[in-house]
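Here is the structure we will look at, set down as structure tokens.
Reckoned from all heavy atoms, side chains included, excluding hydrogens, waters and symmetry mates.
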Amino acid sequence: AVPVLARVCFAGVLHVGSHRCRACACGCIVLNHFGASSLEHTLRAWFFVLLRRSWPSVMRCLWALVLLLAAAAAVAAGSEERGGSDAELRELVQSLYSREDVQSALRAAHEPASGLPARSRSRRAARFLGKAALESGAVCPIGSLNDLTQRDISCDAPGDLGSVDPRIGTGGDGYGVGGVPVGSSGPAALVRPGPDTTMALTRVPWRQTGGYSFCDSHIRSFSHTHLVGAGVMDLGNIGVMPSFSSDEALTECPSIPLPGVSMPVCRFALPFSHRRECSRPGYYRVDLLDSTGTPAIRAEITSLTYTAVHRYTWLRSGDPAWLYVDLAQTLGTKPGSLVHDIDAVMESVHGESSAVRISGTLTNQGDYTGRISGGVPYSFVITVNGSIGESGVWRDGSGRASGAAEFRCGPSAACRNGGFYVRLDSRAVEVVVALSQTSVESAVRNEAHDRRAAGSAQAGSVFDSFLVAAQGAWGSALGAVRVRGGSMADRLRFTTALYHAL
């Protein structure tokens, strides 16, 4: 099958401005698919050709390609067939190019205008075509603080914690933006749980360096390891994701059809809205939606130094309650980015009929950690506390195996997405995830350490105890600095920057 980008290129041939631009744009995509080792090498070859043309030709060709990529992203994001039919692609490209502002931009770039030099005309064209790319979702704007305050749910927090919004620094594209994770994290913590986002079943290769992008529309899972501001696609290990569908096809994890990258996204990804999202130090909440935009599952996360606690609540009585644990998930996008040496088992918790425990080890070898010989190891203990109706193993392309209790993957090749699943008879569940970088026994001790710290809070459930302890830890850390003056927006930026520094 011809990849979606190449198909979009050919679908748009009749609508791109000049013959030279058509040849350059299509040549770039086809060359990349049929021989170039990476997108970077392709772009180098493409620009070598373009730079022999005049500057206006370069700008016309560059933004024509941007618009084609925008069309590809929009179609792939909205089609269950991951790219749609050729007719759908042609229709989308035609609709983009038939827009009045786009046509005006193309005319301005091609036809001399009184008083406007060629470079100015090209910049004008780039501006309008860039706007079309933004509206298609292929490019992520940085946004403003006003985008963070529009909510349909309460997002109060005690003391200085209300002056922090960890989502600041999660907009924009490329490696020059914040790239910070969103979720819960204790000061100087090993575990950094939070949402990893995507555009439906399509990921932009450079967008989620911290796992989360404000411009994305879906959450693929809640994972436990994230880099802060590194600008590299890495970590995002041990994904946990609830679901309200019993469809076994949700365990399929197709890769985006982009040559030179490896980006599987499992079909249990669900849409979300920033209006039903709250992020504060030590606490994250979001409502996962169904296809009509109706809230279906409430997800909440809190954490201390080594241990994260999730609480999922199924909001509709008729929905089945499923929970997936993806042990092979990684944010890495290069073909060599993988999780390997997975060795995990699931067993009932002794003396408790309503809990199962998953323990094991894995090694992450991502875009950054792959530079370390052998990658970075993690050991984990995951406890699922709820009324368990069914449990087993799931694997990408193989579905679910009820009753299976072991998931292993050797070092010889990348592990396909997979792990364990649980079907719940209850409408709510708590999931406790403890990490170590040495051994499972150390992860058990780390969990006990955090449980002792949370136990002093005496707040009821495990989740509530961890939340009170996490807010207390962040209150002490942020309270070391007192801020006066400036506007509310200035104080929000400063306190959030301090939060990320800790």
Side-chain angles (χ1 to χ4, degrees), residues 4 70-85 87-89 91-92 95 135-138 140 147 150-153 182 195-204 207-208 211-223 239-257 263-278 284-300 310 312-324 326 329 394 396-397 399-400 417 421-424 427-429:
V4 63
V75 172
S79 172
E80 292 183 358
E81 287 84 26
R82 302 187 53 74
S85 66
E88 290 175 319
L89 293 171
E91 182 179 352
L92 178 63
S95 67
E135 292 183 1
S136 74
C140 176
D147 298 330
Q150 307 300 316
R151 291 192 181 93
D152 294 333
I153 62 173
V182 168
D196 296 331
T197 60
T198 179
M199 294 170 56
L201 292 177
T202 303
R203 291 172 60 198
V204 178
R207 180 170 291 178
Q208 308 96 358
Y212 177 100
S213 172
F214 193 80
C215 295
D216 284 340
S217 60
H218 287 60
I219 291 176
R220 54 188 294 228
S221 76
F222 300 91
S223 66
V240 176
M241 190 63 184
S243 176
F244 53 83
S245 173
S246 59
D247 187 356
E248 195 164 0
L250 296 180
T251 60
E252 297 175 0
C253 307
S255 291
I256 178 175
M263 299 192 303
V265 177
C266 298
R267 293 191 182 275
F268 47 62
L270 290 173
F272 75 107
S273 168
H274 296 302
R275 299 186 68 93
R276 306 193 66 84
E277 179 184 43
C278 174
Y284 178 80
R285 169 193 163 177
V286 67
D287 287 348
L288 302 173
L289 313 176
D290 64 11
S291 59
T292 67
T294 303
I297 302 172
R298 177 167 301 149
E300 299 173 277
H310 306 236
Y312 299 109
T313 305
W314 281 258
L315 303 176
R316 302 181 301 196
S317 59
D319 288 341
W322 294 81
L323 188 75
Y324 294 95
D326 188 352
Q329 177 180 305
W394 71 276
D396 176 17
R400 298 188 292 257
N417 289 74
Y421 76 89
V422 172
R423 181 180 58 79
L424 299 155
R427 310 309 302 165
V429 65

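- Applying the side chain to side chain donor-acceptor pair (under 3.5 Å) criterion to Tyr312, with sequence neighbours excluded, gives His310.
- We find the OG-CZ distance between Ser217 and Phe272 to be 7.5 Å, quoted to the nearest 0.5 Å.
- Residues Ile297 and Trp314 share a closest heavy-atom pair of CD1-NE1, 3.5 Å.
- Residues passing the side chain to side chain donor-acceptor pair (under 3.5 Å) test with Ser243: none are found, sequence neighbours excluded.
- A search for salt bridge (Lys or Arg N to Asp or Glu O under 4.0 Å) contacts involving Arg316 returns Asp290, Asp319, not counting sequence neighbours.
- The side chain to side chain donor-acceptor pair (under 3.5 Å) search around Thr197 returns Asp216, not counting sequence neighbours.
- With Asp196 as reference, Gln329 is the one residue of Gln208, Gln329, His218 to meet the side chain to side chain contact (heavy atoms under 4.5 Å, CB included) rule.
- When every heavy atom of Pro295 is checked against every heavy atom of Leu315, the shortest pair comes out as CB-CD1, 3.8 Å.
- No donor-acceptor pair under 3.5 Å is formed between the side chain of Glu252 and the backbone N or O of Arg267.
- Not counting sequence neighbours, the partners of Asp287 by the salt bridge (Lys or Arg N to Asp or Glu O under 4.0 Å) test are Arg276, Arg285, Arg298.
- Annotation: salt bridge (Lys or Arg N to Asp or Glu O under 4.0 Å) contacts of Asp247 (sequence neighbours excluded): none.
- In terms of heavy-atom proximity, Gly239 sits nearest to Ser221 at CA-OG, 3.7 Å.
- Between Asp396 and Pro264 the shortest side-chain heavy-atom distance does not fall below 4.5 Å.
- Just one residue in the list Phe244, Phe222, Tyr421, Tyr324 forms a ring-ring contact (aromatic ring centres under 6.0 Å, His included) with Phe268, and that residue is Tyr324.
- Here the closest heavy-atom approach between residue Asn417 and residue Cys253 is recorded as CB-SG, 3.5 Å.
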Apply side chain to side chain contact (heavy atoms under 4.5 Å, CB included) to Met241 and Trp322, showing your working. CA-CA 8 Å; Met241 190 63 184; Trp322 294 81; over 6 Å; no

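- Here the closest heavy-atom approach between residue Arg400 and residue Ser246 is recorded as NH2-O, 2.9 Å.
- In this structure the side chain of Pro195 never reaches within 4.5 angstrom of the side chain of Val286, judged on heavy atoms.
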Ile219 and Tyr212: CA distance, side-chain angles, deciding distance, side chain to side chain contact (heavy atoms under 4.5 Å, CB included) verdict: CA-CA 9 Å; Ile219 291 176; Tyr212 177 100; 5.9 Å; no

